[in-house]
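Positions are given from 1, in the same order as the sequence printed here. Values reported hereafter were calculated over all heavy atoms of this structure, with side chains retained and with hydrogens, waters and symmetry mates removed.
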Amino acid sequence: MKNKLQSFETYRGFAALMIAAIHFNVNSPLSNHSLASGLFVHFFFTLSGFVMYLNYNNKFIDFSSVKNFLKKRFFRLYPLHFLFLIIFLIIEITKYYIEINYGLVANKKAFSVNNLETFLGNIFLLQTFFNDYTFNTPSWSISAEYYTYMLFALILFFMNKNNLLIFISLIAILIFRINTEINLGIQKTYLSFLDCIYCFFIGVFSCKIYFKYSNLEIYKKYYSIITFLLLGVTGLLIINLGGKLKFIIPLFFGLLLIFSANLKNENLLGKIICNKFFVYLGSISYSIYMCHLFVFWSMTQFLRFVIKFETLVDKNGVTILDLSTTEANIMVIASYTLTIALSHILYNYFEKRFYKPS
């Protein structure tokens, strides 16, 4: 993309690591903490809306440009999704083989949820509309985001200047979502798609605000200080807000992006956030997001069946490893390390084959 903001890359990396923590299901304070929240997926949606508008606000001049945009987004998202879909299909086949031949049944019986119907749904990026989590669980957001890209391109093509109508549509989605009594953060059914649209277009409007006001002297003077304050406030909101108040949080995501967009390696906050390693984590964040569940699953099977660690059944009826806190901490550190290492390989030798990062 033409406009790649270093601070946003760092935010991507941090968000991916926090989402990974949710799936590192062991009794470690390194993963069981208040910032391990699915709301970081909705941060991704908001950030994506900002960046897409930043780069494409005046690019949709004909249907050919819309088609090219959707093609680029498809090849950015789909290859890695398809790779891990096949990997999780192989896991499902392996589970079935073990069930038949050794009588060992996994937490989810083979092909009970990950079946032909859900496989085809994943092939056509429909998994966000399912009632259950399927195959590579985090991929639900890829489904929601791609169809939101379609909506975004069509809206900008047909009614780019009609901000009022877009805004009214967002308010209508918000009112409908609040009345469903299911709060922000659901990761399945059509409601997850509506949440993606809601967050994405908050990002779009945030970018519009950024375009309008970022050249003001007051913005240039205080954006770094405001970013610092918003980082703290947004973190506290993620930790403390519950119920319907969660729908406020994407607004603060948008504010944070508005004031973070100009961060550069020129002051203390900029030097921290735009650190090269943190920025690189953002570059490989899609691979982190897509591979972390496979890494943790593989480590769990290795420790359970090869090293012969004891297991227990948690309150949800799921068999997990019975680890001490120290063992759990080591496993989380190892999971993060292997996830980042695998993501580095996937980014450089797989992702880049299908798109050219700028």
For this session: For Lys246, check salt bridge (Lys or Arg N to Asp or Glu O under 4.0 Å) against everything at least two apart and list the hits.
Result: none
For this session: Decide if atom CZ of Phe167 counts as having more than 12 heavy atoms of other residues, nucleotides or ligands within a radius under 6.0 Å.
Result: no
Exercise. Would Tyr78 and His81 count as a close aromatic pair, with their ring centres under 6.0 Å?
Worked result: yes
For this session: Evaluate the ring planes of Phe50 and Tyr210, with Trp represented by its six-membered ring, and classify them as parallel (under 30°), tilted (30 to 60°) or perpendicular (over 60°).
Result: tilted
Problem set entry | More than 12 heavy atoms of other groups within 6.0 Å of Lys244 NZ | yes
For this session: Starting from the C-alpha separation in whole Å, work towards a yes-or-no answer on side-chain contact (heavy atoms from CB on, under 4.5 Å) for Phe84 and Leu346.
Result: CA-CA 11 Å; Phe84 279 96; Leu346 288 169; 3.8 Å; yes
Problem set entry | Check: Thr137 side chain, Tyr133 main-chain N or O, donor-acceptor pair, under 3.5 Å | no
For this session: Tell me who clusters with Ile345, hydrophobic residues only, linked when side chains sit under 4.5 Å apart either directly or through other members.
Result: Tyr349
Problem set entry | Joint hydrophobic cluster, Phe60 plus Phe63, side-chain heavy atoms closer than 4.5 Å | yes
Exercise. Of all heavy-atom pairs between Phe354 and Phe350, which one has the smallest distance, and what is that distance?
Worked result: CD1-O, 3.2 Å
Exercise. Quick one: does Leu281's side chain get under 4.5 Å of Thr10's, heavy atoms only?
Worked result: no
For this session: Please list all pairs passing the salt bridge (charged side-chain N to carboxylate O under 4.0 Å, His left out) test where one or both residues lie in residues 171-188, with sequence neighbours left out.
Result: Arg177-Asp195
Exercise. Checking Ser141 side chain against Pro138 main chain: does a donor-acceptor pair fall under 3.5 Å?
Worked result: yes
Exercise. Are Ile186 and Phe130 linked, directly or through other ILVMFWY residues, by side chains that come within less than 4.5 angstrom of each other?
Worked result: no
For this session: Look only at the side chain of Thr118 and the backbone of Phe135, and say whether a donor-acceptor pair between them is shorter than 3.5 Å.
Result: no
Problem set entry | Rounded distance (nearest 0.5 Å) linking atom OG of Ser139 with atom CD of Gln187 | 11.0 Å
Problem set entry | Shortest non-hydrogen contact between Ile61 and Asn58, atoms and distance | CG2-O, 4.1 Å
Exercise. In the single-linkage hydrophobic clustering (I, L, V, M, F, W, Y; side-chain heavy atoms under 4.5 Å), do Ile90 and Val113 co-cluster?
Worked result: no
Exercise. For Glu117, what residues pass the side-chain contact (heavy atoms from CB on, under 4.5 Å) criterion, not counting sequence neighbours?
Worked result: Asn115
Problem set entry | Check: Asn114/Thr134 side-chain N/O donor and acceptor closer than 3.5 Å | no
Problem set entry | Closest approach of Lys109 to Glu92 (non-hydrogen atoms, all atoms of both residues) | O-OE2, 3.9 Å
Problem set entry | Cluster overlap Leu342 with Tyr336, hydrophobic side-chain contacts below 4.5 Å | yes
Exercise. Can you name the nearest heavy-atom pair linking Val332 to Ser31, along with the distance?
Worked result: CG2-OG, 3.8 Å
Exercise. Can you name the side-chain contact (heavy atoms from CB on, under 4.5 Å) partners of Ser192, sequence neighbours left out?
Worked result: Thr128, Trp140
For this session: Tell me whether the centres of the aromatic rings in Phe253 and Phe43 are closer together than 6.0 Å.
Result: yes
Exercise. Who pairs with Leu268 by side-chain contact (heavy atoms from CB on, under 4.5 Å), at least two apart in sequence or on another chain?
Worked result: Ile272
Which side-chain N or O atoms in residues 223-242 pair as donor and acceptor under 3.5 Å with protein atoms at least two apart or in another chain?
from	atom 1	to	atom 2	distance (Å)
Tyr223	OH	Asn262	O	3.4
Tyr223	OH	Glu266	OE2	2.7
Ser224	OG	Asn267	ND2	3.3
Thr227	OG1	Tyr223	O	2.7
Thr227	OG1	Phe259	O	2.8
Thr234	OG1	Leu230	O	2.7
Asn240	ND2	Leu236	O	2.9

Exercise. With a cut-off of 6.0 Å (strictly less than), are more than 12 heavy atoms of other residues, nucleotides or ligands near CD1 of Ile218?
Worked result: no
Exercise. Is the closest side-chain heavy-atom distance between Tyr53 and Phe205 below 4.5 Å?
Worked result: no
Listed pairs under 3.5 Å, donor-acceptor, residues 147-159 side chains, sequence neighbours left out:
from	atom 1	to	atom 2	distance (Å)
Tyr147	OH	Phe124	O	2.8
Thr148	OG1	Ala144	O	2.8
Tyr149	OH	Ser48	OG	3.2
Tyr149	OH	Glu145	OE2	2.7

Problem set entry | Residues which pass side chain to side chain donor-acceptor pair (under 3.5 Å) with Ser283, listed by chain and number, not counting sequence neighbours | none
Exercise. Roughly how far, to the nearest 0.5 Å, is CG of Leu257 from OG of Ser206?
Worked result: 6.5 Å
For this session: For Thr300 and Met331, work out which heavy atoms get closest and say how close.
Result: OG1-CE, 3.4 Å
For this session: Could you check if a side-chain atom of Leu54 sits within less than 4.5 angstrom of a side-chain atom of Phe211, using non-hydrogen atoms only?
Result: yes
Exercise. Just by distance, do the side chain of Glu327 and the backbone of Ser324 share a donor-acceptor pair under 3.5 Å?
Worked result: yes
Exercise. Do Tyr280 and His344 get their side chains close enough for a donor-acceptor pair, meaning under 3.5 Å?
Worked result: yes
Exercise. Roughly how far, to the nearest 0.5 Å, is the CD1 atom of Ile171 from the CD1 atom of Ile168?
Worked result: 9.0 Å
Exercise. Has the side chain of Tyr198 got a donor or acceptor atom that lies under 3.5 Å from a matching backbone atom of Leu174?
Worked result: no
For this session: Taking Thr325 for its side chain and Ser28 for its backbone only, find out whether a donor-acceptor pair lies under 3.5 Å.
Result: no
Exercise. Step by step, would you call Ser64 with Asn68 a side-chain contact (heavy atoms from CB on, under 4.5 Å)?
Worked result: CA-CA 6 Å; Ser64 178; Asn68 288 335; 3.8 Å; yes
Exercise. Which atoms form the tightest heavy-atom contact between Gly185 and His42, and what is the distance?
Worked result: CA-CE1, 3.5 Å
Problem set entry | Any donor-acceptor N/O pair, Tyr146 side chain to Leu70 backbone, under 3.5 Å | yes
For this session: State whether the side chain of Asn27 and the backbone N or O of Leu323 hold a donor-acceptor pair below 3.5 Å, judged by distance alone.
Result: yes
Problem set entry | Joint hydrophobic cluster, Ile22 plus Leu184, side-chain heavy atoms closer than 4.5 Å | no
Using atom types as modelled, flag every donor-acceptor pair under 3.5 Å from a side chain in residues 290-297 to any protein atom, sequence neighbours excluded.
from	atom 1	to	atom 2	distance (Å)
His292	ND1	Ile288	O	3.0
His292	ND1	Tyr289	O	2.9
His292	NE2	His23	ND1	2.8

Seminar exercise, completed: Rounded to the nearest 0.5 angstrom, the CD-SG distance for Gln6 and Cys274 is 5.0 Å
Exercise. Quick one: CG on Asn25 to OG on Ser335, what's the gap to the nearest 0.5 Å?
Worked result: 11.0 Å
Problem set entry | Residues forming a side chain to side chain donor-acceptor pair (under 3.5 Å) with Ser287, sequence neighbours excluded | Glu351
Exercise. Tell me, do Thr311 and Ile320 make a side-chain contact under 4.5 Å, heavy atoms counted?
Worked result: no
Problem set entry | Close side-chain approach of Phe82 and Ile123, heavy atoms under 4.5 Å | yes
For this session: Any pair with a residue in residues 169-190 that passes ring-ring contact (aromatic ring centres under 6.0 Å, His included), sequence neighbours left out, goes on the list, sorted by first then second residue, please.
Result: none
Problem set entry | Rounded distance (nearest 0.5 Å) linking atom OG of Ser7 with atom CD of Glu9 | 9.0 Å
